[in-house]
2 protein chains.
Amino acid sequence: MTSNTAGGPTRRERMRAETIAEIKASARSQLQEHGPSGISLRAIAREVGVTPAALYRYFDSLDALLIAICCDLYDELIADTVAAMDAYPKDAHLERMKSWIWAFRAWAVGNRREFELMISYPEGNTAMSIDGTRLAQSPENVDPVTLKSLEHSQLCGREMAAFYRKTESGEVEANGPIQLPEISDALQAELLDKCSAFIVGELLPLEWVFTFTSAWVRVFGLVVMEAFGSLPVQDNVDEFYKTQILAMMKDFGIEG
Amino acid sequence: MTSNTAGGPTRRERMRAETIAEIKASARSQLQEHGPSGISLRAIAREVGVTPAALYRYFDSLDALLIAICCDLYDELIADTVAAMDAYPKDAHLERMKSWIWAFRAWAVGNRREFELMISYPEGNTAMSIDGTRLAQSPENVDPVTLKSLEHSQLCGREMAAFYRKTESGEVEANGPIQLPEISDALQAELLDKCSAFIVGELLPLEWVFTFTSAWVRVFGLVVMEAFGSLPVQDNVDEFYKTQILAMMKDFGIEG
DNA sequence: ATCATTTAGCTAACGCCGTTTACTCTAATG
DNA sequence: CATTAGAGTAAACGGCGTTAGCTAAATGAT
(Lines give C-alpha, C1' and ligand atoms only; values in the text may rest on other atoms or scores of the structure.)
Protein backbone atom coordinates (compact mmCIF):
# COMPACT_ATOMS: atom_id res chain seq x y z
CA MET A 1 0.00 0.00 0.00
CA THR A 2 1.17 3.48 -0.73
CA SER A 3 -0.80 5.42 1.86
CA ASN A 4 -1.19 5.08 5.59
CA THR A 5 -4.36 4.24 7.48
CA ALA A 6 -5.33 7.89 7.92
CA GLY A 7 -5.69 8.12 4.15
CA GLY A 8 -3.39 11.11 3.89
CA PRO A 9 -0.15 11.05 1.95
CA THR A 10 2.73 9.13 3.46
CA ARG A 11 5.79 10.93 4.66
CA ARG A 12 7.67 9.43 1.72
CA GLU A 13 4.97 10.56 -0.65
CA ARG A 14 5.21 14.09 0.64
CA MET A 15 8.97 14.05 0.23
CA ARG A 16 8.64 12.69 -3.24
CA ALA A 17 6.11 15.31 -4.26
CA GLU A 18 8.36 18.01 -2.88
CA THR A 19 11.35 16.73 -4.82
CA ILE A 20 9.33 16.54 -8.01
CA ALA A 21 8.24 20.13 -7.48
CA GLU A 22 11.85 21.13 -6.92
CA ILE A 23 12.94 19.42 -10.11
CA LYS A 24 10.20 21.06 -12.11
CA ALA A 25 10.97 24.45 -10.64
CA SER A 26 14.60 24.12 -11.59
CA ALA A 27 13.67 23.02 -15.10
CA ARG A 28 11.28 25.91 -15.40
CA SER A 29 13.90 28.46 -14.47
CA GLN A 30 16.26 26.96 -17.00
CA LEU A 31 13.50 27.09 -19.57
CA GLN A 32 12.97 30.77 -18.90
CA GLU A 33 16.64 31.54 -19.08
CA HIS A 34 17.86 29.40 -21.96
CA GLY A 35 14.81 28.27 -23.85
CA PRO A 36 13.38 24.79 -24.39
CA SER A 37 16.62 23.26 -25.64
CA GLY A 38 18.51 24.71 -22.69
CA ILE A 39 16.88 22.41 -20.17
CA SER A 40 19.49 19.95 -18.96
CA LEU A 41 19.06 17.07 -16.56
CA ARG A 42 22.59 17.45 -15.29
CA ALA A 43 22.07 21.13 -14.62
CA ILE A 44 18.86 20.36 -12.78
CA ALA A 45 20.65 17.71 -10.74
CA ARG A 46 23.34 20.23 -9.87
CA GLU A 47 20.77 22.78 -8.74
CA VAL A 48 18.71 20.32 -6.77
CA GLY A 49 21.90 18.98 -5.20
CA VAL A 50 21.68 15.43 -6.41
CA THR A 51 23.30 13.05 -8.87
CA PRO A 52 21.99 13.10 -12.46
CA ALA A 53 21.04 9.46 -12.25
CA ALA A 54 18.85 10.16 -9.22
CA LEU A 55 16.45 12.16 -11.40
CA TYR A 56 15.48 8.95 -13.12
CA ARG A 57 13.67 7.92 -9.95
CA TYR A 58 11.23 10.72 -10.75
CA PHE A 59 11.09 10.95 -14.52
CA ASP A 60 11.73 8.24 -17.09
CA SER A 61 13.64 10.60 -19.34
CA LEU A 62 14.19 14.23 -20.19
CA ASP A 63 11.30 14.01 -22.61
CA ALA A 64 9.00 12.73 -19.90
CA LEU A 65 9.98 15.68 -17.74
CA LEU A 66 9.28 18.11 -20.59
CA ILE A 67 5.89 16.57 -21.14
CA ALA A 68 5.06 16.81 -17.46
CA ILE A 69 6.06 20.46 -17.54
CA CYS A 70 3.90 21.00 -20.61
CA CYS A 71 0.95 19.67 -18.68
CA ASP A 72 1.66 22.00 -15.79
CA LEU A 73 1.93 24.92 -18.17
CA TYR A 74 -1.43 24.13 -19.68
CA ASP A 75 -2.91 23.92 -16.23
CA GLU A 76 -1.49 27.32 -15.51
CA LEU A 77 -2.84 28.75 -18.75
CA ILE A 78 -6.24 27.22 -18.11
CA ALA A 79 -6.35 28.50 -14.54
CA ASP A 80 -5.42 32.01 -15.65
CA THR A 81 -8.02 31.87 -18.39
CA VAL A 82 -10.76 30.67 -16.10
CA ALA A 83 -9.92 33.37 -13.60
CA ALA A 84 -10.01 36.04 -16.30
CA MET A 85 -13.35 34.80 -17.61
CA ASP A 86 -14.82 34.61 -14.16
CA ALA A 87 -14.16 38.30 -13.70
CA TYR A 88 -17.40 38.64 -15.63
CA PRO A 89 -20.78 37.16 -14.75
CA LYS A 90 -21.66 33.80 -16.17
CA ASP A 91 -24.11 35.20 -18.69
CA ALA A 92 -21.78 37.86 -20.10
CA HIS A 93 -20.69 35.48 -22.81
CA LEU A 94 -19.18 38.10 -25.08
CA GLU A 95 -17.05 39.59 -22.37
CA ARG A 96 -15.99 36.15 -21.26
CA MET A 97 -14.91 35.22 -24.75
CA LYS A 98 -12.93 38.41 -25.04
CA SER A 99 -11.38 37.60 -21.68
CA TRP A 100 -10.39 34.22 -23.01
CA ILE A 101 -8.49 35.84 -25.85
CA TRP A 102 -6.81 38.38 -23.60
CA ALA A 103 -5.81 35.74 -21.11
CA PHE A 104 -4.41 33.54 -23.86
CA ARG A 105 -2.43 36.41 -25.26
CA ALA A 106 -1.19 37.64 -21.90
CA TRP A 107 -0.05 34.23 -20.86
CA ALA A 108 1.73 33.44 -24.12
CA VAL A 109 3.52 36.78 -24.18
CA GLY A 110 4.30 36.73 -20.48
CA ASN A 111 5.67 33.21 -20.78
CA ARG A 112 7.27 33.18 -24.21
CA ARG A 113 9.73 30.42 -23.51
CA GLU A 114 7.07 28.25 -22.00
CA PHE A 115 4.79 28.90 -24.93
CA GLU A 116 7.61 27.99 -27.26
CA LEU A 117 7.96 24.67 -25.49
CA MET A 118 4.26 24.02 -25.75
CA ILE A 119 3.98 24.56 -29.46
CA SER A 120 7.20 22.76 -30.33
CA TYR A 121 6.03 19.96 -28.11
CA PRO A 122 8.35 16.96 -27.75
CA GLU A 123 6.06 14.40 -29.35
CA GLY A 124 6.11 15.41 -32.98
CA ASN A 125 4.43 18.77 -32.82
CA THR A 126 0.93 17.87 -31.99
CA ALA A 127 0.47 20.52 -29.38
CA MET A 128 -2.37 23.01 -29.50
CA SER A 129 -4.00 20.36 -31.58
CA ILE A 130 -7.66 19.57 -31.55
CA ASP A 131 -7.76 16.48 -33.63
CA GLY A 132 -11.26 15.26 -33.12
CA THR A 133 -10.71 12.15 -35.17
CA ARG A 134 -8.04 10.74 -32.96
CA LEU A 135 -10.06 11.73 -29.93
CA ALA A 136 -13.18 10.07 -31.22
CA GLN A 137 -11.41 6.83 -32.02
CA SER A 138 -9.68 6.41 -28.70
CA PRO A 139 -10.86 8.98 -26.22
CA GLU A 140 -8.41 8.03 -23.52
CA ASN A 141 -5.50 6.80 -25.54
CA VAL A 142 -4.46 10.27 -26.56
CA ASP A 143 -1.52 12.10 -25.04
CA PRO A 144 -2.28 14.26 -22.02
CA VAL A 145 -0.96 17.46 -23.55
CA THR A 146 -3.41 17.27 -26.42
CA LEU A 147 -6.19 16.76 -23.94
CA LYS A 148 -5.21 19.84 -21.98
CA SER A 149 -5.03 21.80 -25.19
CA LEU A 150 -8.54 20.70 -26.01
CA GLU A 151 -9.68 21.66 -22.53
CA HIS A 152 -8.32 25.15 -23.12
CA SER A 153 -10.12 25.50 -26.44
CA GLN A 154 -13.35 24.30 -24.94
CA LEU A 155 -13.37 27.13 -22.42
CA CYS A 156 -14.01 29.43 -25.34
CA GLY A 157 -16.03 27.04 -27.46
CA ARG A 158 -18.58 26.28 -24.80
CA GLU A 159 -18.95 29.96 -24.08
CA MET A 160 -19.87 30.54 -27.68
CA ALA A 161 -22.30 27.65 -27.59
CA ALA A 162 -24.02 29.24 -24.62
CA PHE A 163 -24.17 32.53 -26.47
CA TYR A 164 -25.67 30.80 -29.47
CA ARG A 165 -28.39 29.29 -27.35
CA LYS A 166 -29.32 32.73 -26.04
CA THR A 167 -29.67 34.14 -29.52
CA GLU A 168 -31.64 31.09 -30.53
CA SER A 169 -34.10 31.47 -27.69
CA GLY A 170 -34.47 35.14 -28.49
CA GLU A 171 -33.09 36.07 -25.08
CA VAL A 172 -30.41 38.03 -26.92
CA GLU A 173 -30.98 39.60 -30.27
CA ALA A 174 -28.29 39.31 -32.90
CA ASN A 175 -28.05 39.04 -36.64
CA GLY A 176 -26.13 35.82 -36.47
CA PRO A 177 -22.85 35.05 -38.20
CA ILE A 178 -21.88 36.24 -41.64
CA GLN A 179 -23.18 34.48 -44.68
CA LEU A 180 -21.36 31.30 -45.44
CA PRO A 181 -19.44 30.65 -48.61
CA GLU A 182 -20.28 27.46 -50.44
CA ILE A 183 -18.96 24.54 -48.43
CA SER A 184 -18.77 20.95 -49.58
CA ASP A 185 -20.42 18.16 -47.65
CA ALA A 186 -17.06 16.77 -46.65
CA LEU A 187 -15.85 20.00 -45.11
CA GLN A 188 -19.21 20.52 -43.47
CA ALA A 189 -18.96 17.13 -41.85
CA GLU A 190 -15.45 17.78 -40.69
CA LEU A 191 -16.31 21.14 -39.20
CA LEU A 192 -19.28 19.70 -37.38
CA ASP A 193 -17.41 16.64 -36.17
CA LYS A 194 -14.13 18.08 -35.09
CA CYS A 195 -14.93 21.63 -34.22
CA SER A 196 -18.49 21.55 -33.12
CA ALA A 197 -18.59 18.24 -31.35
CA PHE A 198 -15.21 18.43 -29.66
CA ILE A 199 -14.40 22.05 -29.13
CA VAL A 200 -17.82 23.46 -28.68
CA GLY A 201 -19.25 20.39 -26.98
CA GLU A 202 -22.51 20.33 -28.85
CA LEU A 203 -23.67 20.45 -32.43
CA LEU A 204 -24.25 23.98 -33.66
CA PRO A 205 -25.39 25.35 -37.00
CA LEU A 206 -22.67 25.26 -39.60
CA GLU A 207 -22.44 29.05 -39.85
CA TRP A 208 -21.61 29.31 -36.19
CA VAL A 209 -19.03 26.57 -36.30
CA PHE A 210 -17.41 27.97 -39.38
CA THR A 211 -17.22 31.48 -38.01
CA PHE A 212 -15.84 30.20 -34.74
CA THR A 213 -13.19 28.11 -36.45
CA SER A 214 -12.13 31.04 -38.60
CA ALA A 215 -11.85 33.22 -35.55
CA TRP A 216 -9.89 30.55 -33.75
CA VAL A 217 -7.29 30.53 -36.51
CA ARG A 218 -7.04 34.30 -36.40
CA VAL A 219 -6.51 34.36 -32.66
CA PHE A 220 -3.93 31.61 -32.84
CA GLY A 221 -2.10 33.51 -35.56
CA LEU A 222 -2.08 36.67 -33.49
CA VAL A 223 -0.82 34.99 -30.37
CA VAL A 224 1.86 32.92 -32.08
CA MET A 225 3.12 35.85 -34.08
CA GLU A 226 3.30 38.10 -31.06
CA ALA A 227 4.99 35.50 -28.89
CA PHE A 228 7.52 34.80 -31.62
CA GLY A 229 8.13 38.46 -32.34
CA SER A 230 6.71 38.38 -35.84
CA LEU A 231 3.76 40.66 -35.37
CA PRO A 232 3.99 43.61 -37.76
CA VAL A 233 2.67 45.92 -35.08
CA GLN A 234 4.83 46.14 -32.00
CA ASP A 235 4.18 49.35 -30.12
CA ASN A 236 0.40 49.34 -30.16
CA VAL A 237 -0.32 45.68 -29.87
CA ASP A 238 -3.17 46.07 -27.42
CA GLU A 239 -5.09 48.27 -29.78
CA PHE A 240 -4.32 46.07 -32.74
CA TYR A 241 -5.74 43.08 -30.92
CA LYS A 242 -8.85 45.06 -30.13
CA THR A 243 -9.38 45.87 -33.77
CA GLN A 244 -9.04 42.21 -34.64
CA ILE A 245 -11.45 41.16 -31.95
CA LEU A 246 -13.89 43.76 -33.21
CA ALA A 247 -13.62 42.34 -36.71
CA MET A 248 -14.28 38.84 -35.45
CA MET A 249 -17.26 40.01 -33.44
CA LYS A 250 -18.59 41.57 -36.60
CA ASP A 251 -18.31 38.19 -38.29
CA PHE A 252 -20.62 36.88 -35.59
CA GLY A 253 -23.05 39.67 -36.40
CA ILE A 254 -22.23 41.56 -33.24
CA GLU A 255 -21.43 45.26 -33.12
CA GLY A 256 -19.06 46.26 -30.31
CA MET B 1 43.83 37.51 -54.57
CA THR B 2 41.16 34.90 -54.48
CA SER B 3 40.36 34.62 -58.17
CA ASN B 4 42.49 33.89 -61.19
CA THR B 5 43.12 36.20 -64.13
CA ALA B 6 40.22 34.82 -66.15
CA GLY B 7 37.87 36.21 -63.47
CA GLY B 8 36.18 32.84 -62.94
CA PRO B 9 36.24 30.96 -59.68
CA THR B 10 39.52 29.37 -58.68
CA ARG B 11 39.82 25.63 -58.53
CA ARG B 12 39.98 25.92 -54.76
CA GLU B 13 36.93 28.14 -54.72
CA ARG B 14 35.01 25.56 -56.70
CA MET B 15 36.10 22.82 -54.34
CA ARG B 16 35.16 24.92 -51.37
CA ALA B 17 31.75 25.73 -52.77
CA GLU B 18 31.17 22.08 -53.45
CA THR B 19 32.12 21.08 -49.93
CA ILE B 20 29.85 23.74 -48.48
CA ALA B 21 27.01 22.43 -50.61
CA GLU B 22 27.74 18.91 -49.41
CA ILE B 23 27.69 20.01 -45.79
CA LYS B 24 24.43 21.85 -46.23
CA ALA B 25 22.88 18.90 -48.05
CA SER B 26 23.83 16.57 -45.24
CA ALA B 27 22.46 18.99 -42.66
CA ARG B 28 19.28 19.33 -44.64
CA SER B 29 18.70 15.59 -44.75
CA GLN B 30 19.27 15.37 -41.03
CA LEU B 31 16.84 18.23 -40.55
CA GLN B 32 14.19 16.40 -42.53
CA GLU B 33 14.73 13.19 -40.63
CA HIS B 34 15.23 14.32 -37.06
CA GLY B 35 14.05 17.90 -36.89
CA PRO B 36 15.94 21.10 -36.13
CA SER B 37 17.51 19.84 -32.92
CA GLY B 38 18.64 16.66 -34.65
CA ILE B 39 21.23 18.41 -36.76
CA SER B 40 24.67 17.42 -35.50
CA LEU B 41 28.03 18.60 -36.71
CA ARG B 42 29.62 15.28 -35.93
CA ALA B 43 26.98 13.41 -37.88
CA ILE B 44 27.49 15.73 -40.81
CA ALA B 45 31.24 15.20 -40.61
CA ARG B 46 30.67 11.45 -40.62
CA GLU B 47 28.46 11.67 -43.68
CA VAL B 48 30.72 14.02 -45.56
CA GLY B 49 33.67 11.83 -44.65
CA VAL B 50 35.65 14.33 -42.70
CA THR B 51 36.69 15.18 -39.16
CA PRO B 52 34.26 17.26 -37.08
CA ALA B 53 36.87 19.94 -36.60
CA ALA B 54 37.25 20.31 -40.36
CA LEU B 55 33.75 21.71 -40.61
CA TYR B 56 34.91 24.77 -38.76
CA ARG B 57 36.85 25.76 -41.88
CA TYR B 58 33.46 26.33 -43.48
CA PHE B 59 31.19 27.51 -40.69
CA ASP B 60 32.08 29.32 -37.50
CA SER B 61 29.69 27.24 -35.45
CA LEU B 62 26.62 25.06 -35.63
CA ASP B 63 24.50 28.16 -35.23
CA ALA B 64 26.18 29.79 -38.20
CA LEU B 65 25.42 26.73 -40.29
CA LEU B 66 21.80 26.81 -39.22
CA ILE B 67 21.53 30.45 -40.14
CA ALA B 68 23.05 29.78 -43.55
CA ILE B 69 20.54 27.02 -44.08
CA CYS B 70 17.74 29.32 -43.02
CA CYS B 71 18.83 31.75 -45.72
CA ASP B 72 18.84 29.01 -48.32
CA LEU B 73 15.40 27.92 -47.23
CA TYR B 74 14.06 31.42 -47.63
CA ASP B 75 15.59 31.60 -51.05
CA GLU B 76 13.83 28.39 -51.90
CA LEU B 77 10.53 29.64 -50.57
CA ILE B 78 10.92 32.91 -52.42
CA ALA B 79 11.83 31.18 -55.67
CA ASP B 80 8.84 28.85 -55.38
CA THR B 81 6.59 31.78 -54.62
CA VAL B 82 7.85 33.84 -57.53
CA ALA B 83 7.39 30.92 -59.87
CA ALA B 84 3.85 30.34 -58.64
CA MET B 85 2.99 34.00 -59.03
CA ASP B 86 4.51 34.18 -62.48
CA ALA B 87 2.13 31.46 -63.63
CA TYR B 88 -0.27 34.39 -63.99
CA PRO B 89 0.22 37.54 -66.05
CA LYS B 90 1.74 40.55 -64.35
CA ASP B 91 -1.52 42.43 -64.17
CA ALA B 92 -3.54 39.59 -62.64
CA HIS B 93 -2.83 40.93 -59.19
CA LEU B 94 -5.57 39.05 -57.44
CA GLU B 95 -4.54 35.70 -58.84
CA ARG B 96 -0.92 36.45 -58.07
CA MET B 97 -1.75 37.25 -54.46
CA LYS B 98 -3.68 34.03 -54.16
CA SER B 99 -0.73 32.23 -55.69
CA TRP B 100 1.48 33.76 -53.06
CA ILE B 101 -0.66 32.30 -50.32
CA TRP B 102 -0.84 28.88 -51.95
CA ALA B 103 2.88 28.79 -52.53
CA PHE B 104 3.55 29.78 -48.94
CA ARG B 105 1.25 27.10 -47.69
CA ALA B 106 2.53 24.42 -50.02
CA TRP B 107 6.12 25.11 -49.14
CA ALA B 108 5.54 25.19 -45.39
CA VAL B 109 3.54 21.98 -45.41
CA GLY B 110 5.84 20.24 -47.85
CA ASN B 111 8.85 21.22 -45.77
CA ARG B 112 7.54 21.06 -42.24
CA ARG B 113 10.88 20.51 -40.56
CA GLU B 114 12.48 23.27 -42.50
CA PHE B 115 9.62 25.60 -41.66
CA GLU B 116 10.02 24.65 -38.04
CA LEU B 117 13.64 25.67 -38.17
CA MET B 118 12.76 28.99 -39.77
CA ILE B 119 10.22 30.05 -37.20
CA SER B 120 12.21 28.86 -34.20
CA TYR B 121 15.17 30.63 -35.68
CA PRO B 122 18.47 30.39 -33.76
CA GLU B 123 18.82 34.08 -32.96
CA GLY B 124 16.11 34.64 -30.42
CA ASN B 125 13.06 33.99 -32.50
CA THR B 126 13.01 36.96 -34.79
CA ALA B 127 12.21 35.01 -37.91
CA MET B 128 9.30 35.84 -40.14
CA SER B 129 9.65 39.22 -38.55
CA ILE B 130 9.04 42.43 -40.35
CA ASP B 131 10.21 44.88 -37.78
CA GLY B 132 10.30 48.12 -39.67
CA THR B 133 11.76 50.02 -36.78
CA ARG B 134 14.95 48.05 -36.64
CA LEU B 135 15.19 48.12 -40.39
CA ALA B 136 14.70 51.85 -40.55
CA GLN B 137 17.35 52.53 -37.96
CA SER B 138 20.08 50.40 -39.47
CA PRO B 139 19.06 49.14 -42.87
CA GLU B 140 22.06 46.90 -43.34
CA ASN B 141 22.89 45.98 -39.80
CA VAL B 142 20.00 43.58 -39.56
CA ASP B 143 20.39 39.84 -39.72
CA PRO B 144 20.10 38.28 -43.16
CA VAL B 145 17.25 35.97 -42.27
CA THR B 146 15.04 38.86 -41.28
CA LEU B 147 15.84 40.52 -44.60
CA LYS B 148 14.84 37.44 -46.54
CA SER B 149 11.65 37.20 -44.56
CA LEU B 150 10.90 40.78 -45.47
CA GLU B 151 11.65 40.05 -49.11
CA HIS B 152 9.11 37.25 -48.99
CA SER B 153 6.43 39.46 -47.49
CA GLN B 154 7.09 42.14 -50.06
CA LEU B 155 6.27 39.80 -52.89
CA CYS B 156 2.70 39.94 -51.70
CA GLY B 157 2.73 43.48 -50.38
CA ARG B 158 3.88 45.05 -53.63
CA GLU B 159 1.31 43.03 -55.53
CA MET B 160 -1.39 44.54 -53.41
CA ALA B 161 0.07 48.01 -53.90
CA ALA B 162 -0.12 47.52 -57.65
CA PHE B 163 -3.71 46.39 -57.30
CA TYR B 164 -4.51 49.42 -55.20
CA ARG B 165 -3.10 51.70 -57.88
CA LYS B 166 -5.35 50.12 -60.49
CA THR B 167 -8.45 50.66 -58.39
CA GLU B 168 -7.31 54.20 -57.72
CA SER B 169 -6.89 55.01 -61.39
CA GLY B 170 -10.27 53.49 -62.14
CA GLU B 171 -8.68 50.85 -64.33
CA VAL B 172 -10.28 48.27 -62.07
CA GLU B 173 -13.50 48.85 -60.25
CA ALA B 174 -13.77 47.76 -56.64
CA ASN B 175 -15.54 48.90 -53.53
CA GLY B 176 -12.32 49.15 -51.60
CA PRO B 177 -11.56 47.61 -48.22
CA ILE B 178 -14.00 47.27 -45.37
CA GLN B 179 -14.74 50.20 -43.15
CA LEU B 180 -12.10 50.83 -40.56
CA PRO B 181 -12.67 50.68 -36.85
CA GLU B 182 -11.48 53.67 -34.88
CA ILE B 183 -7.71 53.64 -34.83
CA SER B 184 -5.49 55.85 -32.70
CA ASP B 185 -2.86 58.08 -34.24
CA ALA B 186 -0.11 55.95 -32.76
CA LEU B 187 -1.36 52.74 -34.32
CA GLN B 188 -2.00 54.54 -37.59
CA ALA B 189 1.57 55.73 -37.66
CA GLU B 190 2.89 52.29 -36.87
CA LEU B 191 0.82 50.62 -39.55
CA LEU B 192 1.91 53.15 -42.12
CA ASP B 193 5.55 53.04 -41.11
CA LYS B 194 6.13 49.36 -40.62
CA CYS B 195 3.60 47.73 -42.85
CA SER B 196 3.05 50.19 -45.59
CA ALA B 197 6.54 51.56 -46.03
CA PHE B 198 8.45 48.33 -45.57
CA ILE B 199 6.21 45.52 -46.64
CA VAL B 200 4.23 47.23 -49.31
CA GLY B 201 7.04 49.48 -50.45
CA GLU B 202 4.97 52.63 -50.74
CA LEU B 203 2.55 54.56 -48.61
CA LEU B 204 -1.04 53.43 -49.04
CA PRO B 205 -4.28 54.60 -47.47
CA LEU B 206 -4.73 53.35 -43.97
CA GLU B 207 -7.70 51.18 -44.82
CA TRP B 208 -5.63 49.21 -47.32
CA VAL B 209 -2.72 48.80 -44.97
CA PHE B 210 -4.93 47.74 -42.13
CA THR B 211 -6.81 45.22 -44.20
CA PHE B 212 -3.60 43.83 -45.60
CA THR B 213 -2.03 43.50 -42.17
CA SER B 214 -5.09 41.73 -40.83
CA ALA B 215 -5.03 39.34 -43.75
CA TRP B 216 -1.32 38.74 -43.25
CA VAL B 217 -1.93 37.62 -39.68
CA ARG B 218 -4.69 35.30 -40.82
CA VAL B 219 -2.53 33.68 -43.46
CA PHE B 220 0.34 33.28 -41.06
CA GLY B 221 -1.99 31.67 -38.55
CA LEU B 222 -3.29 29.24 -41.12
CA VAL B 223 0.13 28.22 -42.35
CA VAL B 224 1.70 27.85 -38.92
CA MET B 225 -1.22 25.87 -37.59
CA GLU B 226 -1.26 23.54 -40.55
CA ALA B 227 2.49 23.01 -40.51
CA PHE B 228 2.39 22.29 -36.78
CA GLY B 229 -0.60 20.01 -37.06
CA SER B 230 -2.91 22.24 -35.05
CA LEU B 231 -5.40 23.11 -37.74
CA PRO B 232 -8.89 22.03 -36.66
CA VAL B 233 -9.66 20.92 -40.20
CA GLN B 234 -7.43 18.16 -41.50
CA ASP B 235 -9.10 16.31 -44.34
CA ASN B 236 -10.39 19.24 -46.35
CA VAL B 237 -7.66 21.76 -45.81
CA ASP B 238 -7.59 22.97 -49.39
CA GLU B 239 -11.20 23.95 -49.28
CA PHE B 240 -10.87 25.49 -45.85
CA TYR B 241 -8.05 27.69 -47.11
CA LYS B 242 -10.20 28.75 -50.03
CA THR B 243 -12.97 29.84 -47.74
CA GLN B 244 -10.51 31.87 -45.73
CA ILE B 245 -9.06 33.48 -48.82
CA LEU B 246 -12.56 34.31 -49.97
CA ALA B 247 -13.27 35.98 -46.65
CA MET B 248 -10.11 38.04 -46.89
CA MET B 249 -10.93 39.05 -50.44
CA LYS B 250 -14.28 40.20 -49.18
CA ASP B 251 -12.49 42.38 -46.66
CA PHE B 252 -10.80 44.06 -49.61
CA GLY B 253 -14.20 44.62 -51.19
CA ILE B 254 -13.68 41.95 -53.79
CA GLU B 255 -16.19 39.24 -54.61
CA GLY B 256 -14.67 36.00 -55.82
C1' DA C 1 61.69 26.31 -60.12
C1' DT C 2 61.85 27.78 -55.59
C1' DC C 3 60.09 29.71 -51.54
C1' DA C 4 56.52 31.65 -48.56
C1' DT C 5 51.94 31.60 -47.48
C1' DT C 6 47.52 30.38 -47.30
C1' DT C 7 44.29 26.67 -46.74
C1' DA C 8 42.17 22.11 -45.70
C1' DG C 9 42.51 18.61 -43.08
C1' DC C 10 43.99 15.78 -39.11
C1' DT C 11 44.60 14.28 -33.97
C1' DA C 12 43.66 14.94 -29.45
C1' DA C 13 41.62 16.85 -25.96
C1' DC C 14 38.04 19.58 -22.90
C1' DG C 15 33.77 19.87 -20.90
C1' DC C 16 29.25 19.36 -21.68
C1' DC C 17 25.13 16.11 -22.38
C1' DG C 18 21.35 11.85 -21.60
C1' DT C 19 21.24 7.37 -20.05
C1' DT C 20 22.36 2.74 -17.92
C1' DT C 21 24.23 -0.42 -14.63
C1' DA C 22 25.43 -2.03 -10.29
C1' DC C 23 25.88 -1.01 -5.66
C1' DT C 24 24.67 1.22 -0.93
C1' DC C 25 22.09 2.95 2.61
C1' DT C 26 17.90 4.22 4.86
C1' DA C 27 13.29 4.30 6.05
C1' DA C 28 8.89 2.17 6.00
C1' DT C 29 6.35 -2.41 6.13
C1' DG C 30 4.71 -6.68 7.91
C1' DC D 1 13.18 -7.46 14.09
C1' DA D 2 13.76 -8.92 9.40
C1' DT D 3 12.56 -7.70 4.96
C1' DT D 4 11.90 -4.87 1.30
C1' DA D 5 11.13 -0.96 -1.51
C1' DG D 6 12.92 3.57 -2.41
C1' DA D 7 16.28 7.13 -2.87
C1' DG D 8 20.69 7.94 -3.65
C1' DT D 9 25.63 7.26 -5.42
C1' DA D 10 29.76 6.21 -8.40
C1' DA D 11 31.31 5.03 -12.67
C1' DA D 12 30.98 4.35 -17.13
C1' DC D 13 29.27 4.63 -22.34
C1' DG D 14 28.61 7.05 -26.28
C1' DG D 15 27.30 11.35 -28.10
C1' DC D 16 27.75 16.31 -28.58
C1' DG D 17 30.07 21.36 -29.90
C1' DT D 18 34.31 23.44 -29.81
C1' DT D 19 39.39 24.55 -29.45
C1' DA D 20 44.44 24.10 -30.02
C1' DG D 21 48.23 22.60 -32.35
C1' DC D 22 50.08 20.13 -36.03
C1' DT D 23 50.79 18.46 -41.08
C1' DA D 24 50.55 18.45 -45.81
C1' DA D 25 49.03 20.13 -49.94
C1' DA D 26 47.72 23.70 -53.04
C1' DT D 27 48.53 28.39 -54.36
C1' DG D 28 50.91 32.87 -55.49
C1' DA D 29 55.00 35.51 -55.93
C1' DT D 30 59.71 35.80 -57.03
5'-most contact on DNA chain C (nearest-nucleotide basis), B/G49 vs B/R12, goes to B/R12
Parallel under 30°, tilted from 30 to 60°, perpendicular over 60°: which one fits the rings of A/F115 and A/F228?
perpendicular
Across the strands shown, which category fits A/Y58 at heavy-atom distances under 4.0 angstrom: base, sugar-phosphate, nothing?
sugar-phosphate
pair A/K148-A/D75: side-chain heavy atoms closer than 4.5 Å:
yes
In whole Å, what is the span from the CG atom of A/D63 to the P atom of C/dC17?
17 Å
Check this for me: does any side-chain nitrogen of one of A/R113 and A/E116 sit under 4.0 Å from a carboxylate oxygen of the other?
yes
Mind checking the CD-CG spacing from A/E114 to A/D72? Nearest 0.5 Å is all I need.
11.5 Å
Without decimals, in angstroms, what is the distance between A/L55 CG and C/dT20 P?
13 Å
Can you tell me how far C1' of C/dT19 sits from CD1 of A/I44, to the nearest Å?
14 Å
Hey, is the side chain of B/R57 pairing donor to acceptor with the base of C/dG9 inside 3.5 Å?
yes
So B/F212 and B/C195, do their side chains get closer than 4.5 Å, heavy atoms only?
no
What is the separation between atom CD on A/E13 and atom P on C/dA28, rounded to the nearest whole Å?
12 Å
Report the relative orientation of the aromatic rings in B/F104 and B/F220; use parallel for angles under 30°, tilted for 30 to 60°, perpendicular for over 60°.
tilted
What is the separation between atom CD on B/E18 and atom P on C/dT7, rounded to the nearest whole Å?
19 Å
Once you round it to whole Å, what is the distance between P of C/dT19 and CG of A/L65?
10 Å
Would you indicate what B/A54 reaches in the nucleic acid, counting non-hydrogen atoms under 4.0 angstrom: base, sugar-phosphate, or nothing?
sugar-phosphate
Once you round it to whole Å, what is the distance between C1' of C/dT7 and CD1 of B/I20?
13 Å
Is the side chain of A/R42 donor-acceptor paired with the backbone N or O of A/P52 at a distance under 3.5 Å, no angle test?
no
What pairs of nitrogen or oxygen atoms, one from the protein and one from nucleotides 11-17 of chain D, lie under 3.5 Å apart?
from, atom 1, to, atom 2, distance (Å)
D/dC16, OP1, B/S40, OG, 3.0
D/dC16, OP1, B/R46, NH2, 3.4
D/dC16, OP2, B/R46, NH2, 2.3
D/dG17, OP1, B/L41, N, 2.7
D/dG17, OP2, B/L41, N, 3.1
D/dG17, OP2, B/R42, N, 2.9
D/dG17, N7, B/R42, NH1, 2.4
D/dG17, O6, B/R42, NH1, 2.7

From CZ of B/R16 across to P of D/dT27 the rounded distance in Å is 14 Å
